[in-house]
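As structure tokens, the structure follows; a few thoughts come after it.
To find a chain, count down the sequence lines: A is the first, B the second, and so on, and within it residues start at 1.
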Number of protein chains: 2
Amino acid sequence: MATTEPTADICCPPLSTGPLQTADAETLASVLKALADPVRLQLVSLIASSGEECACNLPAAVGKSQPTVSHHLRQLVDAGILDREQRGKWAWFSLRQERLDEVCAILSC
Amino acid sequence: MATTEPTADICCPPLSTGPLQTADAETLASVLKALADPVRLQLVSLIASSGEECACNLPAAVGKSQPTVSHHLRQLVDAGILDREQRGKWAWFSLRQERLDEVCAILSC
DNA sequence: CAAACATATTGACATCTGTCGATATGACAG
DNA sequence: CTGTCATATCGACAGATGTCAATATGTTTG
């Protein structure tokens with residue numbers, strides 16, 4: 001479970017502004033951790049490329065089992081990186097680009 | 001050990017350009033993984049804030065043992081995020097901001 | 001060279017993480 | 001309401017990761 005609301009801002013000014021507090025470091029790390037996996041990066045890129053994607057296509061697209069993909073998608077949603085929308089029996093996922101922009105704003109820019 | 005030269009570019013065009021290849025996803029994930037730890041983020045922010053920092057100050061600054069800090073610094077250097085310079089018996093670390101910029105370029109911007 | 005000191009490496013350990021098969025949950029169709 | 005299909009959760013397990021004490025390596029100074 002997420003420790004903060006996924007829609008809330010991540011944490012802090014750019015890294016070089018000053019030393020990161022422990023709590024801020026943990027918050028930022030949790031978002032980066034969600035991104036720091038090859039399968040999740042592939043999922044994000046697939047979803048970002050097509051604008052939105054049905055979960056049903058993703059296990060085949062990344063070569064992983066349905067439970068594994070579901071697990072990864074949950075982590076990305078919890079981290080505020082993806083949005084999930086239920087349409088009938090299908091779940092559609094889309095990118096929250098603002099979230100990636102926030103990460104960038106902290107890393108540099 | 002790093003699988004690619006740390007000074008080489010990370011991998012790829014922005015995520016939304018198209019689906020990420022498995023190899024590119026692994027490369028990018030390895031850099032993000034180096035960032036995705038609270039202690040390492042604190043180290044990076046400390047070093048980024050002061051321009052450069054002696055390893056000798058860092059264990060106290062982050063509240064971890066010397067071997068633990070050394071381990072984290074190594075991961076950051078291997079990922080191409082920090083530069084290491086030996087000065088006498090001291091090791092000084094500085095940020096390779098280009099590396100963070102590369103990450104940003106892939107995530108958005 | 002030897003002593004002193006800074007940093008890195010080793011070894012051990014508990015915890016976290018990615019993975020899958022099996023199963024539960026939830027949504028529609030009939 | 002029952003069956004069917006899509007997705008999520010559970011349980012288990014192997015492998016990765018963060019941590020520290022002990023020790024090795026390397027650098028400077030006497």
Side-chain angles (χ1 to χ4, degrees), chain A residues 1-3 6 20 22 25-44 46-47 52-79 81-94, chain B residues 1-3 6 20 22 25-44 46-47 52-79 81-94:
Chain A
M1 73 208 76
T3 52
L20 216 47
T22 304
E26 282 167 1
T27 304
L28 177 55
S30 72
V31 177
L32 288 168
K33 205 166 289 192
L35 284 171
D37 177 90
V39 174
R40 288 195 289 272
L41 286 172
Q42 286 190 291
L43 291 170
V44 168
L46 280 162
I47 292 165
E52 58 179 6
E53 198 59 56
C54 175
C56 55
N57 301 324
L58 296 173
V62 301
K64 298 290 171 185
S65 73
Q66 180 269 321
T68 295
V69 170
S70 179
H71 169 69
H72 286 309
L73 289 171
R74 189 192 208 297
Q75 294 195 56
L76 289 166
V77 170
D78 283 350
I81 296 163
L82 295 184
D83 268 337
R84 194 198 116 114
E85 189 191 343
Q86 186 85 29
R87 292 188 202 159
K89 15 184 188 181
W90 293 275
W92 287 77
F93 292 85
S94 55
Chain B
M1 76 209 74
T3 52
L20 216 47
T22 303
E26 281 167 1
T27 304
L28 176 55
S30 72
V31 177
L32 288 168
K33 204 166 290 192
L35 284 171
D37 177 90
V39 174
R40 288 195 290 272
L41 285 173
Q42 285 190 291
L43 291 170
V44 169
L46 281 162
I47 292 164
E52 58 180 6
E53 198 58 55
C54 176
C56 53
N57 301 325
L58 296 173
V62 300
K64 296 291 171 186
S65 72
Q66 180 269 322
T68 295
V69 170
S70 178
H71 169 68
H72 286 309
L73 290 170
R74 189 192 209 296
Q75 293 195 57
L76 289 166
V77 170
D78 283 352
I81 296 163
L82 295 183
D83 268 337
R84 195 199 116 112
E85 189 191 341
Q86 187 85 28
R87 293 187 202 160
K89 19 184 185 180
W90 293 277
W92 287 77
F93 292 85
S94 55

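Rounded to a whole Å, the CD atom of Glu26(B) is 14 Å from the P atom of dG18(C). Rounded to whole Å, the distance from NZ on Lys89(B) to P on dT27(D) is 12 Å. Put simply, CG on Leu58(B) is 9 Å from P on dT7(C), counting in whole angstrom units. Whole-Å rounding puts the Asn57(A) CG to dA6(D) P distance at 11 Å. As a whole-Å value, the separation of Glu85(B) CD from dA6(C) P is 18 Å. The distance from atom NE2 of His72(B) to atom C1' of dA8(C) is 14 Å, rounded to the nearest whole Å. For the pair Leu76(B) CG and dA8(C) C1', the interatomic distance rounds to 15 Å; values are reported in whole Å.
At the phosphate of dT9(D), OP1 or OP2 sits under 4.0 Å from a side-chain N or O atom of Arg74(A). The phosphate of dG18(C) has OP1 or OP2 within less than 4.0 Å of a side-chain N or O from Gln75(A). Under 4.0 angstrom from either OP1 or OP2 of dA6(C) there lies no side-chain N or O belonging to Arg87(B).
Among the protein residues, Arg84(A) comes within range of the sugar-phosphate backbone only, with heavy atoms under 4.0 Å from sugar or phosphate atoms but none that close to a base.
Looking at the side chain of Asp37(B), the nearest of the listed nucleotides dG18(C), dG18(D), dA6(C) is dG18(D). Of the candidate nucleotides dT7(C), dT7(D), dA6(C), dT7(D) has the atom lying nearest to any side-chain atom of Trp90(A).
Although no hydrogens or angles enter the test, the distance criterion places no donor-acceptor pair under 3.5 Å between the side chain of Arg40(B) and the main chain of Leu76(B). Gln42(A) places a side-chain N or O within donor-acceptor distance of the main-chain N or O of Leu20(B), the cut-off being under 3.5 Å.
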- Message: Does Leu46(B) form a side-chain contact (heavy atoms from CB on, under 4.5 Å) with Val62(B)? I'd like the steps, not just the answer.
- Response: CA-CA 9 Å; Leu46(B) 281 162; Val62(B) 300; 3.9 Å; yes
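Direction change of the helix axis from one end of the helix from dC1(C)-dG30(D) to dG30(C)-dC1(D) to the other is 30°, with five pairs defining each end axis (rounded to 10°).
Non-hydrogen atoms lying under 4.0 Å from DNA chain D are contributed by Lys64(B), Ser65(B), Pro67(B), Thr68(B), His71(B), all within residues 63-71 of chain B.
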